[in-house]
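Worksheet: the structure to be examined is printed underneath.
In what follows, chains carry the letters A, B, and so on, assigned in the order in which the sequence lines appear, proteins first and then strands, with residues in each chain numbered from 1.
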Number of protein chains: 2
Amino acid sequence: MRWTDLENEACPVARGLSVIGERWTLLILRDCFLGVRRFDDFQASLGITRHLLADRLKTLEAKGLLRREQYQERPPRFEYRLTETGKDLFPVLVSLITWANCALPSPEGSPYRLVSRQTGQRVTPVLCDDETGARLNPRNLRLLMPGEDAPGDEPPRR
Amino acid sequence: MRWTDLENEACPVARGLSVIGERWTLLILRDCFLGVRRFDDFQASLGITRHLLADRLKTLEAKGLLRREQYQERPPRFEYRLTETGKDLFPVLVSLITWANCALPSPEGSPYRLVSRQTGQRVTPVLCDDETGARLNPRNLRLLMPGEDAPGDEPPRR
DNA sequence: ATCACTAAGTTCCTTTTCGGAACCGACTCG
DNA sequence: CGAGTCGGTTCCGAAAAGGAACTTAGTGAT
């Protein structure tokens, strides 16, 4: 398998990474969630080369995560906004932030706050089962391949 | 900013990607969650070059996500297992799988099932507020930078 | 003892991607 | 008229990835 063939894999992790797994892509999307919309603002925020930025924005638009919108005529100027599919990535970003805050703490602490739009209160994101509300973690869950059966705490050797 | 300087950023997304943002790394970790532990098994599963695989495993061990364990002497052979820090990445992987299953469906459907170790039942992962149990999604949440205030539905322009 | 095989890498070389800086085009402002 | 703004593109050297063969330390079969 080559990295560039990931999109044709059956595995959703591989398919997902074919869209958001390139260098800088997830940082561009982070900026989108923070409200950045314009080429030069992305570039200033990331320090990425303009060449690479143009390429990533084009790809994200083609994959349907960003929408390019004209915000003035003469000269025509465009900005980039998250589509619904792009916004659906929020849990991925939130999970990554939560993990990194815990596993790789920075001396200054996390620069972000996650707040409810309704109440303005900070929230603490956790993964739950939608039906039972039970907290999900790697110790009480297993990720199974098609053939594998449910029980047994130890996955098979090979 | 260069890609290789990400680890020194204050942003947890950047810090996180400095560890799991390289090509193949998250696919290696996916295999770990599926029970793969040995060099040749990773290589067969991923189709990655052995050179790159050796490099990524070394990095993941150095960053504390994998632990290298000797499973036989003479000849000495080692396998790779997730550390607690590595297992803590589970929500990131689960969120990515959930997003990709929805946004990038494959013709064959997702090959994975997520089941409880206790009950063996399938679970549907969602992100909740740990305190209130309220479902979190990008429409009712905002990611704020240090200076930003809570209210206002539209983030500032720049 | 020799041959084939295994597991976990390493080496060598080519191709692709990234990084840095300058340049371009269409306009506005003073 | 010249300087500034915004959203890119072009060019080129450096770094990373891809492919295939080779190595090392053993085992087991003939």
Side-chain angles (χ1 to χ4, degrees), chain A residues 1-9 14 17-28 31-32 35-62 66-81 157-158, chain B residues 1-9 14 17-28 31-32 35-62 66-81 157-158:
Chain A
M1 192 191 352
R2 272 184 301 291
W3 178 259
T4 44
D5 294 341
L6 283 184
E7 59 190 325
N8 303 314
E9 292 288 305
L17 289 176
S18 76
V19 175
I20 61 161
E22 286 188 299
R23 271 189 191 184
W24 300 109
T25 297
L26 213 51
L27 290 170
I28 291 172
D31 274 6
C32 291
V36 176
R37 291 176 188 162
R38 299 189 182 173
F39 193 93
D40 280 16
D41 293 338
F42 285 112
Q43 209 266 320
S45 158
L46 296 167
I48 187 179
T49 65
R50 309 175 69 75
H51 176 72
L52 228 39
L53 177 59
D55 176 81
R56 295 297 188 264
L57 290 172
K58 207 168 290 178
T59 303
L60 284 170
E61 195 199 350
L66 296 182
R67 194 172 46 239
R68 190 158 168 273
E69 258 178 39
Q70 188 160 357
Y71 67 90
Q72 71 171 34
E73 309 178 346
R74 291 228 290 296
R77 290 289 154 76
F78 300 89
E79 60 184 18
Y80 296 87
R81 288 163 172 263
R157 253 307 173 65
R158 30 193 330 196
Chain B
M1 194 195 343
R2 272 185 303 289
W3 178 260
T4 43
D5 293 342
L6 283 183
E7 60 189 324
N8 303 313
E9 290 288 304
L17 289 176
S18 77
V19 175
I20 61 162
E22 285 187 299
R23 273 190 191 183
W24 301 109
T25 298
L26 214 49
L27 291 170
I28 291 172
D31 274 5
C32 291
V36 176
R37 290 175 189 162
R38 298 187 183 175
F39 193 92
D40 280 15
D41 293 339
F42 285 113
Q43 209 265 319
S45 157
L46 295 167
I48 186 179
T49 65
R50 308 175 71 78
H51 176 74
L52 229 38
L53 177 59
D55 175 82
R56 295 297 188 264
L57 289 172
K58 207 167 290 177
T59 303
L60 284 170
E61 194 199 350
L66 296 182
R67 193 173 45 238
R68 191 158 167 273
E69 258 179 40
Q70 188 161 356
Y71 66 88
Q72 71 172 36
E73 310 179 345
R74 292 230 289 292
R77 290 288 153 76
F78 300 90
E79 60 184 20
Y80 296 88
R81 289 163 171 264
R157 253 308 174 63
R158 31 194 328 195

Seminar exercise, completed: Applying salt bridge (Lys or Arg N to Asp or Glu O under 4.0 Å) to B/Arg50 and not counting sequence neighbours gives B/Asp40

Seminar exercise, completed: Students should find that the end-to-end axis angle of the helix from C/dA1-D/dT30 to C/dG30-D/dC1, with five pairs defining each axis and rounding to 10 degrees, is 10°

For this session: Could you tell me which residues satisfy side chain to side chain contact (heavy atoms under 4.5 Å, CB included) with A/Arg23, sequence neighbours excluded, listed by chain and number?
Result: A/Arg56, B/Trp3

For this session: List in chain and number order the residues that pass salt bridge (Lys or Arg N to Asp or Glu O under 4.0 Å) with A/Glu69, two or more places apart in sequence or in another chain; answer none if no residue qualifies.
Result: A/Arg67, A/Arg81

Problem set entry | Options D/dG7, C/dG19, D/dT9, nucleotide nearest the side-chain atoms of A/Lys58 | D/dT9

Exercise. Quick one: CG on A/Leu57 to OG1 on A/Thr25, what's the gap to the nearest 0.5 Å?
Worked result: 9.0 Å

Seminar exercise, completed: From CD1 of B/Ile48 across to C1' of D/dG18 the rounded distance in Å is 10 Å

Give me, pair by pair, the N or O atoms of the protein and of nucleotides 26-30 of chain C that are less than 3.5 Å apart, along with how far apart they are.
from	atom 1	to	atom 2	distance (Å)
C/dC27	O3'	A/Arg74	O	3.4

Problem set entry | Distance in angstrom units between B/Asp41 CG and C/dG9 P, rounded | 13 Å

For this session: Check every atom of C/dG19, C/dG9, C/dT10 against the side chain of B/Arg68 and return the nucleotide holding the closest atom.
Result: C/dG9

Problem set entry | With A/Glu7 via side chain to side chain donor-acceptor pair (under 3.5 Å) - residues at least two apart | A/Lys63

Exercise. Of the nucleotides C/dG19, D/dG18, D/dA17, which has the atom closest to the A/Thr49 side chain?
Worked result: C/dG19

Problem set entry | With sequence neighbours excluded, residues passing salt bridge (Lys or Arg N to Asp or Glu O under 4.0 Å) with A/Arg2 | A/Asp5

For this session: Calculate the interatomic distance between B/Asp5 atom CG and C/dG19 atom P; express it in whole Å.
Result: 10 Å

For this session: Round to a whole Å and report the spacing from CG of B/Leu52 to P of D/dA16.
Result: 11 Å

Problem set entry | Protein-nucleotide distance (B/Glu79, atom CD; C/dG9, atom C1'), rounded to Å | 16 Å

For this session: Would you kindly compare A/Ala54 and A/Trp3 by the position of their nearest DNA chain D nucleotide and give the one closer to the 5′ end?
Result: A/Ala54

For this session: Can you sort out the partners of B/Glu73 under side chain to side chain contact (heavy atoms under 4.5 Å, CB included), two or more places apart, ordered by chain and number?
Result: B/Gln70

Exercise. In terms of side-chain heavy atoms of A/Tyr71, which of D/dC6, D/dG19, C/dA7 is nearest?
Worked result: D/dC6

For this session: Starting at the 5' end of nucleotides 10-15 of chain D, put B wherever the base has a protein heavy atom under 4.0 Å, S where only the sugar-phosphate does, and a dash everywhere else.
Result: B-----

Exercise. Do A/Arg38 and A/Tyr71 come close enough that some side-chain heavy atom pair is under 4.5 Å?
Worked result: yes

For this session: Would you please name every residue forming a side chain to side chain donor-acceptor pair (under 3.5 Å) with A/Ser45, sequence neighbours left out?
Result: A/Asp31

For this session: Using atom CG of A/Leu57 as one end and atom P of D/dG8 as the other, report the distance to the nearest whole Å.
Result: 7 Å

Exercise. Whole-Å distance between C/dC18 C1' and A/Glu22 CD?
Worked result: 11 Å

For this session: Would you mind reading off the distance between A/Gln43 atom CD and C/dG20 atom C1', rounded to a whole angstrom?
Result: 11 Å

For this session: Please list, chain by chain and in numerical order, all residues satisfying side chain to side chain donor-acceptor pair (under 3.5 Å) with A/Arg68, sequence neighbours excluded.
Result: A/Tyr80

Exercise. Minimum heavy-atom separation for B/Cys32 to B/Phe42, with atom names?
Worked result: SG-CZ, 3.7 Å

Problem set entry | N/O (side chain, A/Tyr80) to phosphate O (OP1/OP2, D/dC6) under 4.0 Å | no

Problem set entry | Expected output: side-chain A/Thr59 to main-chain A/Asp55 donor-acceptor under 3.5 Å | yes

